[in-house]
Colleague: 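Okay, here's the structure, questions in a sec.
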Amino acid sequence: MESNTPIIRPTLVLLVLFTLLTGVVYPLAVWGVGQTIFPREANGSLIEVNGRVVGSELVAQSFTGPEWFWPRPSAVSYDASSSGGSNLATTNPALLAAVQDRIAALRSAESATSKDRVPVDLVTASGSGLDPDITPAAAHFQATRVALARGLDVGEVRRLIQDHIQGRTFGFLGEPRVNILKLNLALRNVQSHE
Amino acid sequence: MGAMGVFQIIAYLAVLLALAWPLGVYMAAVYGGRRTVLSPVLGPLERLFYRAGGINPDRETSWKSYALAMLVFNAGGLLIVYLLQRFQGVLPLNPAERDPVGSFSALNVAISFATNTNWQNYGGEGTMSYLTQMVGLGVQNFLSAATGMAVMAALARGFVRKQCGTIGNFWADMTRSTLYILLPLSIVLSVVLVSQGVVQTFQPYHELTTLTGESQTIAVGPAASQIAIKQLGTNGGGFFNVNSAHPLENPTPLSNFLQLLAILLIPAAFCITFGKMVRDERQGWLLLTVMTVFLAGCLAVTAYSEQQGNPLLEPLSVTQKAMEAGEGPAMAGGNMEGKEVRFGIANSALWAVATTAASNGSVNSMHDSYTPLGGMIPMWLMQLGEIIFGGVGSGLYGLLMVAIVAVFAAGLMVGRTPEYIGKKIGPFEMKMASLAILFPSVVTLAFTAIALLTSEGTRGISNPGPHGLSQVLYAFSSMGNNNGSAFAGYGANTDMVNILGGIAMLVARYWVMLPALAVAGALASKRQTPPSQGTLPTHTPLFGLLLIVTILAIGALTFLPALALGPIVEHLILKQGGL
C-alpha cells in the first residue's frame, strides 16, 4: 500500500469545505429562494385574522366546544413545539380504552342524535399529533352537532363541508380531506354574517 | 385501500423506474470522470476542492488506502457532530436555547449520522439547535451518503479492472457524489418542498393565540434543506420529532410523493449505474428487478394488513371501512392510529415499506402502532441487511455480497466454477461476503438479547405483551442495519442502549463496507474470465430466482425465531381478541 497517500490534509480541507458548502451555503441558498418566492410557506403557512396570527394552516389546534368541528385526537395535546404520536400498539389495552373514551365523548356531545358509526380517524391519534385534517366522513359526522350548537341549518353546514373538501392532488395523490382550521374559520364567518 | 390506492402505488413505481434510468446513466458518467451537463458549472468548484486539499483525482489507490481514507474522513465527521452537540449551548443559532446533549446520547447521534443510519434517540425540535441541525447533522447527511456511493463505485470498478492493483480515488469519488449527484438533486427537491409548505426559516418558534384563545407554540426552522438530503441520501433523520409525519416536514400528498421518490431514487439508479460501469446493463436491470419484486411483495402484506384495521375496534361503534367519494363522505379507513389523514393507508404503507427497504428510516406514520404483520414487514426488510434498494451505494454493495453467495451456491450445486460478471469467485471473496452478511445479523440478535435481559434495556418498553419484545428487536434491527426508523414508543435514550446501539451501527456500516472494499480489491487484481459453456449467466430470470431464494433463506432462517416471539405471536393474540 502506498505509504505516501495523503490522508490528513484532504480530510481536514474537505470537511471544512463541505461543511461550508452543504451546511451553510446550501441551506442559506434554499432559505433565500424560499423566502423570496414562497415566503408564506417557508415561514409556516400562518393564518391571520384581523391582523392577528391565529394559527398555521398546516398545524392542528385544539377545538373542544360543541360549536366547533373537532380535529383528530392528539397524543401531545396539539403542542406544536413537541410533535408525537401515541405509539400505542394495536394490542395495547390503553389504546382500546382511549378509543372508547373518545367515542363516549363524541356520543354525549351528539346528544345521541346520531346512530352512525364513528369514522376511525376521529377516534385515533394522528401520527404527528398535529394532523390538520379530518376525513370528509369525519366532518359530516359532526355536522348535526355543530349546526345545533350554532342554530344553523344542517344543510348549510354540510354545504360548507363540501366546499372545504380537498380532493386528491392531480386526481390521484393522497386522500380526500378537510382542513379543520379553515373549516372552522369559515363557520365563524357564516355566523358573523347573520 | 381501493383501486385508487393501488393506482397510486403503481404510479409511484412507474415514475421511480422511469427516473432511475437517466439518473443511473448520468451517475455512471460522473464516476467515470467524464464530462456531464453540470460540468461547466461544477467543474471549477470540483477542481478548487481538489487543489485546496492537495488531491490528484486521477491518482488511484489500492483498496486498503481507499478504506483508510474513508475511515479517517468518517471519523472526522463523527467528531464534528459530537462536538457541535456538546457545545451547542454556547454556539450561535440557538434561538430555542437548547442545552448541550449528554455525552452517551451525543455519541450515539454522532455515530448514527456518520454511518448513514440516522437513528434518533432525541426529538429534533426539543433537543438540537439550528446550528447543530444544519452544520452537524445536515452535512453528515451529504457526506455519509457520499461515502456509501463512493464505495459502491469502487466495487463496480473491481469487476472491470484486469490484474490491476487500484480501485479508484476515495476523495474524488466522494467529492463527485456530493457535488454532481446529491447537491443538485437536493437543491431542486428542497425548493419544491418549500412551495408545498415545508418550512425554511431562521425565525424563532411562533408563539400565538389560537382561534379559541389558547396559546400555541409552533416549532419551525431551516427544515426543507435538511429534509431533501435526508431522503435523497437515505439518511432519514427528521428535523422534527415525528419526522415526515409532521405537517411542516411533509405537508401535502405531492410533498409526500416527491419525498418517497427521493427515498428510492438513487438506490434504484445505482443498479443502472452498476450495469453501465461493468459494461453489461442486463446485470443492473436484473438486480433492480429483484429489488422491485421484493418491494412489491412486502408492500402487499403491509398495505393489506393496515387496511384491515384493528380488529379490537370492530366491536365498538367505529367504522374502519374505506369509502370513496362516490359512495358517501370519503374516508381512507383502516388502522389510522399513528397515521395522517392526507396520507391514508396506501401512502403510509408504501412509505413504511420503502423507508425500511432502503436504509432511509424516515417515517410518515408511527410504525409502533401498525398491526403486528404490517409492522413486521418493515422490521424484516431491515433484518435482511438493507439490500432491497438499501442505502445509497451501500444497498447495492450489500446485495452484491449476497449475489456472490448465490453464485457460489449455484456453483456448488452443479459443479461449475463460480463466476460473477467475468470474475472467478474464490474462497477470499466468499469469506468476505460471509463476514458482511453474518455480522450485522449476529449483532442485531445478540444485542436484542442483552437488552431484553437487563433492566436498562427493558425499562423503555412502552407496550405490553409480545409487542414489547418487538419494540426492542425493532430498535436493534434498525441500528444493526443502519436504517434508523423506530417503534418510537421504546425509550431508547439510556446509556446502555446508546452504547450498544452505537456499536451496532458501527459494525453494520464498516463490517460490510470493509469486506466490500476488500472484494473490490481482490476482483480488480484478477484477470477477466470470458464466459464459457460452463458459465452460469447472471442476468437471467433463473439467476433472479436464485438470488431471491438466497435472500429469503438467509433472512428467514436467521430471524424467523425472533419474529415468531414478537409480531407473529402478537398477530395470533390480536386475532383471538387481544391481551
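Letters A, B, ... are given to chains in the order of the sequence lines, protein chains preceding strands, and every chain is numbered from 1.
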Colleague: What residue in B:Asn256, B:Thr175, B:Val220 has the most heavy-atom pairs under 4.5 Å with chain A?
Modeller: B:Thr175

Colleague: Please evaluate residues B:Asn310 and A:Thr90 with respect to the criterion side-chain hydrogen bond (donor to acceptor under 3.5 Å, both in side chains), reporting the C-alpha separation (whole Å), side-chain torsions for both, the decisive distance (0.1 Å), and the verdict.
Modeller: CA-CA 6 Å; B:Asn310 182 348; A:Thr90 46; 5.0 Å; no

Colleague: Non-hydrogen atoms of chain A under 4.5 Å away: do they reach the side chain of B:Glu214, the backbone, both or neither?
Modeller: side chain

Colleague: For A:Leu21, which atoms come within 4.5 Å of any heavy atom of chain B: side chain, backbone, both, or neither?
Modeller: side chain

Colleague: For the pair B:Glu324 and A:Arg168, find out whether any cationic side-chain nitrogen is under 4.0 Å from an anionic carboxylate oxygen.
Modeller: yes

Colleague: Name the region of B:Met134, side chain, backbone, both or neither, that has any atom closer than 4.5 Å to a heavy atom of chain A.
Modeller: both

Colleague: Please flag which part of A:Ser45 lies under 4.5 Å from any non-hydrogen atom of chain B: side chain, backbone, both or neither.
Modeller: side chain

Colleague: Let me know if B:Asn335 has heavy atoms under 4.5 Å from chain A in its side chain, its backbone, both or neither.
Modeller: side chain

Colleague: Give a yes or no on whether the backbone of A:Ala125 and the side-chain of B:Glu337 come within a donor-acceptor separation of less than 3.5 Å.
Modeller: yes

Colleague: Quick one: are A:Val123 and B:Leu313 in side-chain contact, heavy atoms under 4.5 Å?
Modeller: no

Colleague: Which answer fits B:Ser186, side chain, backbone, both or neither, if we ask what part of it has an atom under 4.5 Å from a heavy atom of chain A?
Modeller: both

Colleague: From A:Leu46 CG over to B:Leu208 CG, what is the distance, rounded to the nearest 0.5 angstrom?
Modeller: 7.0 Å

Colleague: Test your reading of the model: is there a side-chain donor-acceptor pair from A:Tyr26 to the backbone of B:Leu183, 3.5 Å cut-off?
Modeller: no

Colleague: Taking side chain as everything from C-beta outward and backbone as N, CA, C, O, which of these in B:Phe202 sits under 4.5 Å from a heavy atom of chain A? Side chain, backbone, both or neither.
Modeller: both

Colleague: Given heavy-atom pairs under 4.5 angstrom as the criterion, report whether the side chain, backbone, both or neither of B:Ser348 touches chain A.
Modeller: neither

Colleague: With only heavy atoms counted, which part of B:Val198 is less than 4.5 Å from chain A, the side chain, the backbone, both or neither?
Modeller: backbone

Colleague: What part of B:Leu137 lies closer than 4.5 angstrom to a heavy atom of chain A: side chain, backbone, both or neither?
Modeller: neither

